[in-house]
Structures are given as structure tokens and as C-alpha cells.
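Have a look at the structure below before the remarks.
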Amino acid sequence: MPRMHLPWQKAAVPAPEAVRELDVTVPADAQMPIVLQYWHRNALLIDLQGVASSGTFILKPREGAAWPVRIEFRVSPGRFRLLELVGAQRQVYPVSTTATTTVVIAAEHTLHPPGTPQVAVSWGATVK
């Protein structure tokens with residue numbers, strides 16, 4: 001029997017669509033991590049759930065584009081302990097080891113004011 005749409009049923013929420021708002025580069029000796037980008041309301045969400053337990057990469061606006069107003073990072077609890085962001089200023093965020101669901105960390109707006117050439121993202125048990 002074909003599935004019917006009943007007016008009182010809610011439509012399924014569509015999966016978020018991946019975007020490429022920022023360029024991701026890694027050092028020459030590093031492996032490219034799986035870093036997905038999504039719009040989460042008015043913030044660009046950088047998904048770090050698929051990365052190794054430590055690593056680093058650089059975020060830059062695409063050619064001719066500007067930084068998003070807000071940047072967030074989605075992490076899995078227990079995968080790594082610290083997230084370090086270095087742009088116009090350095091920001092270090094502890095990652096919960098006891099949370100039961102993914103955690104979203106919102107970077108401070110002072111990380112990437114206009115004119116900031118790049119943001120270095122590092123994660124692991126410790127940071128430099």
C-alpha cells in the first residue's frame with residue numbers, strides 16, 4: 001500500500017545540505033580530514049565529527065568572498081579534549097568528555113574580523 005500524506009502528520013525534516021563557504025587547507029605532511037560545512041541558522045557550522053583524534057587545518061574565505069558573520073564547530077564528546085582557533089586572536093575551547101550528544105562550539109566574533117587572512121584550527125589532547 002502506498003504511503004499517504006495525512007494533513008495532521010509533520011513532514012520529515014530534510015537533511016542539511018553541505019556547502020563550501022570556506023576553503024580548507026592542510027599542511028603538506030598532513031592528511032586531509034573530512035570537514036563538512038553547513039548553514040545552521042545564520043552561522044556556518046564546521047562539522048568535526050569525522051576528524052581524527054588530533055590534527056590541524058586552515059580556513060580561508062573563498063576568492064572574492066568574506067567571512068561568515070558567525071562560525072560554529074560541531075564536535076563529538078570524548079574524541080579530543082581541546083579545540084584551538086587562531087585568527088585575529090587565539091581562542092581555546094575545552095570539549096566535554098561527559099556529554100551524550102554532539103556539542104556545538106560557537107567561536108567568538110573577534111576571531112575573524114574583516115581583513116583576517118585565515119583561521120588556523122587545531123584539536124587534540126593538548127594544543128600549542
Side-chain angles (χ1 to χ4, degrees):
M1 175 176 233
R3 188 174 171 134
M4 295 176 37
H5 173 72
L6 301 174
W8 57 85
Q9 291 179 326
K10 289 186 178 180
V13 176
E17 197 170 311
V19 296
R20 191 180 141 253
E21 295 295 320
L22 299 175
D23 287 333
V24 178
T25 57
V26 296
D29 61 343
Q31 182 179 0
M32 178 62 102
I34 297 172
V35 179
L36 299 175
Q37 303 174 38
Y38 302 98
W39 282 110
H40 179 235
R41 294 189 284 275
N42 67 342
L44 182 65
L45 178 68
I46 309 295
D47 193 342
L48 300 178
Q49 294 181 93
V51 299
S53 60
S54 65
T56 187
F57 61 80
I58 303 293
L59 293 173
K60 294 180 182 179
R62 289 181 313 178
E63 186 70 33
W67 287 101
V69 174
R70 295 179 52 220
I71 300 177
E72 299 175 337
F73 295 85
R74 181 185 299 152
V75 298
S76 295
R79 189 183 264 323
F80 49 86
R81 295 190 43 175
L82 295 171
L83 175 65
E84 177 187 39
L85 309 172
V86 180
Q89 66 174 208
R90 179 177 182 253
Q91 300 174 7
V92 178
Y93 298 95
V95 177
S96 172
T97 57
T98 59
T100 57
T101 61
T102 59
V103 176
V104 175
I105 297 170
E108 295 292 326
H109 68 280
T110 54
L111 174 69
H112 59 289
T116 303
Q118 66 183 28
V119 171
V121 179
S122 301
W123 64 93
T126 61
V127 291
K128 299 175 188 171

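Position 1 is the first residue of the sequence, and the numbers go up from there.
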Would [X] end up clustered with [Y] when hydrophobic side chains under 4.5 Å apart are linked, directly or stepwise?
| X | Y | value |
| --- | --- | --- |
| V95 | V104 | no |
| Y38 | V35 | no |
| V86 | V75 | no |
| L111 | I58 | no |
| I105 | I71 | yes |

Let me confirm one number: the NE2-CZ distance from H40 to R70, rounded to the nearest 0.5 Å. 8.5 Å

When rounded to the nearest 0.5 Å, the distance separating OG1 of T102 from CZ of R79 is 12.0 Å

Which heavy atom of [X] sits nearest to which heavy atom of [Y], and what is that distance?
| X | Y | result |
| --- | --- | --- |
| L83 | F80 | CB-CE1, 4.4 Å |
| P77 | T101 | CG-O, 3.1 Å |
| P94 | V92 | CD-O, 4.1 Å |
| P117 | P61 | O-CD, 4.0 Å |
| W67 | P113 | CD1-O, 4.2 Å |

Around atom CZ of R41, are there more than 12 heavy atoms of other residues, nucleotides or ligands at under 6.0 Å? no

Let me check something: any side-chain donor-acceptor pairs from residues 44-56 under 3.5 Å, sequence neighbours excluded? List them with distances.
residue, atom, partner, partner atom, Å
D47, OD1, Q49, N, 3.0
D47, OD1, Q49, NE2, 3.1
D47, OD2, Q49, NE2, 3.2
D47, OD2, R74, NH1, 3.3
T56, OG1, V121, O, 3.1
T56, OG1, S122, OG, 3.1

Ignoring hydrogens and angles, tell me if any N or O in the side chain of Q91 forms a donor-acceptor pair with the backbone of E108 under 3.5 Å. yes

Distance-only check: which donor-acceptor pairs under 3.5 Å involve side-chain atoms of residues 16-28, not counting sequence neighbours?
residue, atom, partner, partner atom, Å
R20, NE, D23, OD1, 3.4
R20, NH2, D23, OD1, 2.5

I'd like to check the side-chain hydrogen bond (donor to acceptor under 3.5 Å, both in side chains) partners of D29; sequence neighbours left out, ordered by chain and number. none

W123/F57 aromatic ring centres below 6.0 Å: yes

